[in-house]
Amino acid sequence: MVNMPERWEQESWEVLPPGGIIPEAGNSVRYETGSWRALRPVVDMEKCTHCMICWLFCPDSALLAEGGYFRGFALSHCKGCGICALECPPKCIRMVPEGSFAQEGA
Ligand code: SF4
Ligand code: SF4
């Protein structure tokens, strides 16, 4: 017998939605996908205007906000897609290779 992960034993393909669709929105907060990231967003807070455009566009809800102000990134959910950097009006987000943080011991 093949040892299968517990989740597979509980939910076989027979109970999956047709087409493997995800029927509920906003569920990415339950999954930590930051380890997939090759590029990490880094913000220059001196230039940030707290317009929250990055928050609006992030597909993974990986932007942290408090009291109407941008507070940083939830890196455990950020896949490093770079959309926030592309959409940021003052261009204060840059995408930095993860390898450079590993060398710093971050
Ligand atoms: S889009 Fe840019 S300026 Fe606006 S809140 Fe995000 S980081 Fe700050
Ligand atoms: S890089 Fe992509 S996933 Fe990460 S915070 Fe920016 S928009 Fe969100």
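Just follow the structure's listing: the first ligand is 1, and inside any ligand the first atom is 1.
- Atom 2 (Fe) of ligand 2 has as its closest protein heavy atom Cys81 SG, 2.3 Å.
- Per-residue contacts place Gly82 under 4.0 angstrom from the following atoms of ligand 2 (heavy atoms of the residue considered): 1 (S), 2 (Fe).
- Residues Pro89 and Ile53 meet the side-chain proximity criterion, which asks for heavy atoms closer than 4.5 Å.
- Here is the list of ligand 2 atoms found below 4.0 Å of a heavy atom in Asp60: 3 (S).
- The ligand atoms of ligand 2 that sit less than 4.0 angstrom from a heavy atom of Lys79 are 3 (S).
- Within the listing of ligand 1, atoms 2 (Fe), 3 (S), 7 (S) sit less than 4.0 angstrom from a heavy atom of Cys92.
- Counting atoms of ligand 1 from 1 in the listed order, those under 4.0 Å from a heavy atom of Ile93 are 7 (S).
- Atom numbering of ligand 2 starts at 1 in the shown order; those under 4.0 Å from a heavy atom of Cys84 are 1 (S), 5 (S), 6 (Fe), 7 (S).
- The ligand atoms of ligand 1 that sit less than 4.0 angstrom from a heavy atom of His50 are 5 (S), 8 (Fe).
- Interface atoms of ligand 2 facing Cys78, defined by a heavy-atom separation under 4.0 Å, are 1 (S), 3 (S), 4 (Fe), 5 (S).
- When all heavy atoms are compared, the tightest approach of His77 to Thr33 is O-OG1, 3.4 Å.
- Under a hydrophobic-cluster definition in which Ile, Leu, Val, Met, Phe, Trp and Tyr are linked whenever side-chain heavy atoms come within less than 4.5 Å, directly or via other members, Phe73 and Phe101 are assigned to different clusters.
- The protein non-hydrogen atom at the shortest distance from atom 5 (S) of ligand 1 is Met52 N, 3.2 Å.
- Surrounding CZ of Arg71 are more than 12 heavy atoms belonging to other residues, nucleotides or ligands, all under 6.0 Å away.
- The aromatic rings of Tyr69 and His50 lie perpendicular to each other, with more than 60° between the two planes, well past the 30° mark.
- Contacts of Met95 with ligand 2, taken as heavy-atom pairs under 4.0 Å, involve the side chain alone.
- Atom NZ of Lys91 is surrounded by more than 12 heavy atoms from other residues, nucleotides or ligands within 6.0 Å.
- Listed here is the closest heavy atom pair of Ile93 and Pro41: CG2-CB, 3.9 Å.
- Residues Trp36 and Lys79 approach most closely at CZ3-CE, 3.2 Å, considering heavy atoms.
- Contacts between Leu63 and ligand 1 below 4.0 angstrom, taking non-hydrogen atoms only, are absent altogether.
- Considering only heavy atoms from C-beta on, Leu39 stays 4.5 Å or farther from Glu98 through its side chain.
- When each atom of ligand 2 is checked for a heavy atom of Gly80 under 4.0 Å away, the hits are 1 (S), 4 (Fe).
- Scanning the protein for heavy atoms near atom 1 (S) of ligand 1, the closest one is Cys54 N, 3.4 Å.
- For ligand 1, the atoms lying closer than 4.0 Å to a non-hydrogen atom of Phe70 are 5 (S).
- Interface atoms of ligand 2 facing Cys58, defined by a heavy-atom separation under 4.0 Å, are 3 (S), 5 (S), 7 (S), 8 (Fe).
- Atom 4 (Fe) of ligand 1 has its nearest heavy-atom neighbour, among Pro90, Cys48, Cys51, in Cys51.
- Within ligand 2, the atoms closer than 4.0 Å to a non-hydrogen atom of Phe73 are 5 (S), numbered from 1 in the order shown.
- Looking at Ile83 and Cys58, their side chains never come closer than 4.5 Å, going by heavy atoms from C-beta outward.
- Contact annotation: the side chain of Pro90 never approaches that of Cys48 to less than 4.5 Å [non-hydrogen atoms, C-beta and beyond].
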